[in-house]
Amino acid sequence: MTPISLMKRGIVMTKIGVLALQGAVREHIQSLEACGVEAVAIKRKEELQEVDGLILPGGESTTMRRLIDKYDFMDDLKAFASSGKPMFGTCAGLILLAKNIVGYDEPHLGLMDVTVERNSFGRQVDSFEADLAINGVADNFTAVFIRAPHIVEAGENVEVLSKHNGRIVAAREGQFLGCSFHPELTEDHRLTAYFVKMVEEAKQKQLV
Amino acid sequence: MRTGTDRVKRGMAEMQKGGVIMDVVNAEQAKTAEEAGAVAVMALERVPSDIRAAGGVARMADPTIVEEVMNAVSIPVMAKARIGHIVEARVLEAMGVDYIDESEVLTPADEEFHLNKKEFTVPFVCGCRDLGEAARRIGEGASMLRTKGEPGTGNIVEAVRHIRKVNAQVRKVVSMSEDELMTEAKLLGAPYEVLLEIKRLGRLPVVNFAAGGVATPADAALMMQLGADGVFVGSGIFKSENPAKFARAIVEATTHYQDYELIAELSKGLGTPMKGIEIHTLAPEARMQDRGW
């Protein structure tokens, strides 16, 4: 039996983890389930073994970073990335993924070739909703920006998926997907579905 | 582009879930809190136990302190306004504070009406002891709730009472049939629409943190286990002997609230926690939780 037909029969169900140290974990899990895959909250590094892809959710990046260090997640997250499994960072998750952060000497995971600026749209009173066009995903996506970062600079292999007022707010580099906003806060699951597809494609490649 | 929508205001609180929000009175404490992994800080002139000790009228903090804290950290900064004090709230909003706590810890400015929080762009958090109170605050536009507990006592008993009560009442509403909800709304003193939303979602429509009496890592973990979305720690941290260590322990206990071996480790050698107050020894007028309507 081919891997694809195995998957279709539910024998190799796609499983996607959500890093559950802090932040909007429940919403991402619901969004993944709405896309028809199994979702797992990842609280311990050993649990990374079980999943085919990982979402780094919104929350406070400084808090998540502290807990990543405390629970010794750093090497395992990097190993997860080098195994080729897809990762999707939303808001604080994008900050964790980025290779460069404006005003900081060191990145967190430093995996995706982008430079991000934290809180770049201002404080909470400046947080907003806007309708975006996202390449290959939607031309009318309502995006919720909360004390959001944006991508100041993207490396040459990075595909810019969306801009808002000239600022890059969604991008993909191979197995890495990042966005400034919170797709998990709306009922629109199209961006999550895009990531699920990335995970399924990567999984098929590994099975072949 | 739309600012101040429900999604933007409630979403901000969603991002704080699983985290600890710490009371601070200056930039140095704010940095200690951020370093320890706090998801936000509450900028105050005095922590609740000192407000309690000082007596008199407690008001919004001096804007200098709030500004100093805002400049010191990159995590969100909250500040307290008196119940019903429209101008204190507008001043904090104008300063760019990320969240306002319309708080019973301060002396109420209005003994009849809370703020109409829907009119503000900045989101609000409010205290509640039961679902009626929670739903009224949501009806007025609160984007986040917290238990009232009994602030500044270092005694968790009231916060436990409040989270249990709210969650039991939420479960009841969720299991009721829709034609029973109007009478339930009358009995609870809750807006009908909010109860409908709770029934539809199967939970409160906004996050509900624990507050008012959290004094140890085990207290924080207890509140998480009882269903709180996160924890506010007021007087506990910076009244302890080693605030940085204490703050880190509270953050970790909140993340791993069911890992009892870890909580045992975290609780070792933290020094004496704040002494605390037995609730029954408080005079009725000293009970902050009875403020709010």
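Lettering follows sequence order; numbering is per chain, from 1.
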Checklist entry - Quick one: of B/G37, B/G18, B/P76, who has the most non-hydrogen atom pairs under 4.5 Å with chain A? => result B/P76
Item to check | Which atoms of A/T90 approach chain B - backbone, side chain, both or neither, heavy atom under 4.5 Å | outcome: neither
Item to check | Residue pair B/E34, A/R66: steps toward the salt bridge (Lys or Arg N to Asp or Glu O under 4.0 Å) verdict | outcome: CA-CA 10 Å; B/E34 183 176 46; A/R66 223 200 84 68; over 6 Å; no
Checklist entry - Would you find a donor on one side and an acceptor on the other, under 3.5 Å apart, between the side chain of B/T121 and the backbone of A/V125? => result no
Next on the checklist: Less than 4.5 Å to any heavy atom of chain B: does that hold for the side chain of A/R123, its backbone, both, or neither?
Outcome noted: both
Checklist entry - Hey, does the side chain of A/Q22 reach the backbone of B/K17 with a donor-acceptor pair shorter than 3.5 angstrom? => result yes
Next on the checklist: Distance alone, cut at 3.5 Å: any donor-acceptor contact between the side chains of B/R7 and A/T186?
Outcome noted: no
Next on the checklist: Tell me if a side-chain donor or acceptor on A/T63 pairs with a main-chain N or O of B/A38 at a distance below 3.5 Å.
Outcome noted: yes
Checklist entry - Is it the side chain or the backbone of B/E35 that comes within 4.5 Å of chain A heavy atoms, both, or neither? => result backbone
Item to check | A/Q124 side-chain N/O to B/V8 backbone N/O, donor-acceptor pair under 3.5 Å | outcome: yes
Item to check | Heavy-atom contact with chain B under 4.5 Å, split by part of A/T62 | outcome: side chain
Next on the checklist: Heavy-atom cut-off 4.5 Å, strictly under: side chain, backbone, both or neither for B/V20 against chain A?
Outcome noted: neither
Item to check | Which atoms of A/N165 approach chain B - backbone, side chain, both or neither, heavy atom under 4.5 Å | outcome: side chain
Item to check | Contacting moiety of A/K43, where chain B heavy atoms sit under 4.5 Å | outcome: both
